[in-house]
Amino acid sequence: MILKNPKSKCIKTLISASLNPIFPLASGAYPPNLQCSYTQTQSYVQVTMKWKKDPYFDSIEHIHKSTELKRIVSLKNVIARNPSGCIPISDVSKKGLQFDLNIKEFVGPQHNLPWFRLTQKAAEIDREEMNVLEDHKGDIRERLKKFIWMSKEKAVPLKIIQGMGWYLGLPDDYLQKFDDGSFRLVDLEGGLKGLAVESQGRVLSVLQKNAMKQGVYSGEPMEALELPLFPSKGLRLKRKIADWLIEYQKLPYVSPYEDYSYLDTDSDIAEKRVVGFLHELLCLFVEHSAERKKLLCLKKYFGLPQKVHKAFERHPHIFYLSFRNKTRTAILKEAFRDESAIERHPLSIVRQKYVELMMESNPSLKRRRSTNDEVEAVDHEKSESDVDCNYESVEARTEYSSDGIVAGGS
């Protein structure tokens with residue numbers, strides 16, 4: 001936009017500054033194999049987008065029950081891998097940290113402790129899950145390699161990988177068992193252990209692959225690439241924001257797998273690189289979504305800005321930020337609006353089956369609780385001696401199941 005006849009020194013200063021490069025690329029600062037010269041002349045533009053509630057994305061259960069499912073699946077794995085196929089509640093209390101649960105350890109006579117086993121349906125899904133992990137171990141390995149490739153040093157601390165393991169679909173014991181030559185165990189700063197991968201030629205992002213298939217992108221360095229937009233129904237942009245978005249789409253695309261050290265961190269090009277990184281990251285995840293706060297630990301190792309979380313708010317046509325369950329869940333819209341554009345994670349169907357089983361058990365659980373409340377009310381009216389006599393028989397014939405996956409009894 002050009003203003004004619006500026007009347008103030010301030011405006012003159014702004015115009016004269018905008019006519020010159022923000023930072024001309026110095027000699028030797030160009031990305032490798034750059035076949036065209038491009039000077040970044042556009043600084044970061046402050047844009048505030050209005051959030052619009054989208055019932056469709058708020059209703060995808062396997063996304064919003066993912067955190068709850070993670071805890072249950074961790075417990076399921078402990079039970080399923082036990083030789084006897086069941087565990088006492090004392091084992092559960094000792095593994096509260098592993099299950100991400102606050103559990104007060106219960107101490108009492110061993111024969112009075114409830115034991116837990118898998119329901120029949122859960123056991124069937126567990127077997128299916130094990131088959132999927134075996135059949136698609138190459139796919140899951142490649143997703144982890146791409147995750148590491150996007151980091152600054154092509155190496156990521158084990159604790160970061162462990163924290164992202166659920167999203168990437170890694171088995172609980174993956175980091176204890178891998179040994180296929182794809183990764184190297186390295187020492188990182190701060191005394192941390194990490195995994196590293198060697199570069200194996202150019203890696204294309206999902207955005208690049210799809211654009212090439214459509215014939216709108218050739219893959220040249222600093223080539224413009226439009227990001228797929230999926231506006232929520234009823235979400236309208238102000239004219240000046242819509243104009244900014246048009247120009248934003250014309251900016252060069254820097255893949256999250258490419259060097260970005262030459263970029264001005266305060267430019268829209270660098271910000272577009274961050275958006276591309278988040279897009280690729282969510283493409284790798286099982287549900288193509290994640291709790292926003294869980295991604296903040298990636299800033300240091302993936303070259304992300306301090307306020308990277310603002311990218312989800314700034315680009316509502318690309319991401320949907322759900323506030324369901326009193327948290328902020330970032331969802332990649334393209335994964336659900338154009339399913340042919342992004343390859344589904346091998347574990348996605350299995351997890352949906354677990355969630356469906358959880359939801360099926362809710363009505364049964366409510367009825368069971370109601371029945372137990374009635375039993376307790378009747379018992380309360382009896383004498384103390386009668387309660388002592390009948391307690392064991394009630395306990396023995398009652399089966400507990402909080403989610404349809406784990407069942408227990410004495």
Side-chain angles (χ1 to χ4, degrees), residues 60-63 65-87 91-92 95 98-100 116-150 156 158-185 194-197 200 206 280-291 294 332 335 339 342-358 403-406:
I60 303 177
E61 294 297 338
H62 65 89
I63 288 179
K65 289 189 177 295
S66 179
T67 301
E68 180 182 355
L69 179 62
K70 177 185 176 182
R71 302 185 183 113
I72 295 173
V73 168
S74 294
L75 174 59
K76 180 270 300 181
N77 290 338
V78 172
I79 297 174
R81 309 305 163 245
N82 189 290
S84 64
C86 59
I87 61 173
D91 283 7
V92 178
K95 297 178 181 291
Q98 177 180 333
F99 304 142
D100 193 21
F116 296 92
R117 59 174 175 76
L118 299 185
T119 63
Q120 182 177 350
K121 288 185 178 180
E124 293 173 358
I125 302 176
D126 174 69
R127 287 192 290 271
E128 180 180 350
E129 180 183 3
M130 294 302 102
N131 291 334
V132 169
L133 290 173
E134 178 62 28
D135 295 341
H136 296 274
K137 58 184 179 183
D139 180 287
I140 295 174
R141 181 178 60 248
E142 286 301 309
R143 289 174 187 266
L144 176 57
K145 289 172 68 174
K146 287 183 177 181
F147 175 71
I148 298 175
W149 268 326
M150 290 194 290
V156 179
L158 293 177
K159 67 175 185 178
I160 298 293
I161 297 175
Q162 187 71 40
M164 294 291 110
W166 172 255
Y167 292 130
L168 290 167
L170 304 180
D172 288 346
D173 58 352
Y174 189 85
L175 295 180
Q176 285 77 46
K177 297 174 63 175
F178 78 91
D179 185 24
D180 59 2
S182 299
F183 308 98
R184 290 184 295 107
L185 193 62
L195 282 189
V197 290
Q200 298 180 356
V206 171
E280 183 72 7
L281 182 69
L282 294 181
C283 283
L284 297 178
F285 287 176
V286 178
E287 286 92 12
H288 306 305
S289 64
E291 282 190 65
K294 298 289 188 181
L332 181 61
E339 294 185 0
I342 300 175
E343 184 180 359
R344 297 188 69 176
H345 194 288
L347 282 176
S348 60
I349 296 178
V350 172
R351 287 194 183 174
Q352 288 182 40
K353 290 183 179 182
Y354 278 130
V355 171
E356 290 170 0
L357 185 56
M358 288 168 55
D403 45 52
I405 295 177
V406 178

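Along the sequence shown, residues carry numbers from 1.
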Flag side-chain contact, heavy atom, 4.5 Å: [X] against [Y]:
X: I72; Y: Y354; answer: no
X: K70; Y: Y167; answer: no
X: H62; Y: R351; answer: no
X: P171; Y: K137; answer: no
X: V73; Y: D172; answer: no
X: L75; Y: F116; answer: no
X: R81; Y: D126; answer: yes
X: H345; Y: L284; answer: no

Value rounded to 0.5 Å, distance of [atom1] in [X] from [atom2] in [Y]:
X: R184; Y: I148; atom1: CZ; atom2: CD1; answer: 10.0 Å
X: L332; Y: E280; atom1: CG; atom2: CD; answer: 10.0 Å
X: I125; Y: L357; atom1: CD1; atom2: CG; answer: 5.0 Å
X: S289; Y: I60; atom1: OG; atom2: CD1; answer: 8.0 Å
X: K65; Y: L69; atom1: NZ; atom2: CG; answer: 10.0 Å
X: L168; Y: Y174; atom1: CG; atom2: OH; answer: 10.0 Å

Quick one: do K146 and R143 satisfy side-chain contact (heavy atoms from CB on, under 4.5 Å)? Show the steps, please. CA-CA 5 Å; K146 287 183 177 181; R143 289 174 187 266; 5.8 Å; no
Taking all non-hydrogen atoms of both residues, which atom of [X] and which atom of [Y] are closest, and how far apart?
X: R117; Y: C86; value: CB-CB, 4.0 Å
X: Q352; Y: R344; value: NE2-NH2, 2.9 Å
X: A80; Y: L118; value: CB-CD1, 3.8 Å
X: L175; Y: L158; value: CD1-O, 3.8 Å
X: I342; Y: C283; value: CD1-SG, 3.6 Å

Side chain to side chain contact (heavy atoms under 4.5 Å, CB included) test vs V132 passes for just one of I349, V350, D139, I140, namely V350
Of E61, E124, E128, the one forming a salt bridge (charged side-chain N to carboxylate O under 4.0 Å, His left out) with K353 is E128
Is a donor on one side and an acceptor on the other found under 3.5 Å between the side chain of N82 and the backbone of V78? no
Exam field: side chain H288 to backbone F285, donor-acceptor pair closer than 3.5 Å: yes
Going by atom types alone, do W166 and S74 pair a side-chain donor with an acceptor below 3.5 Å? no
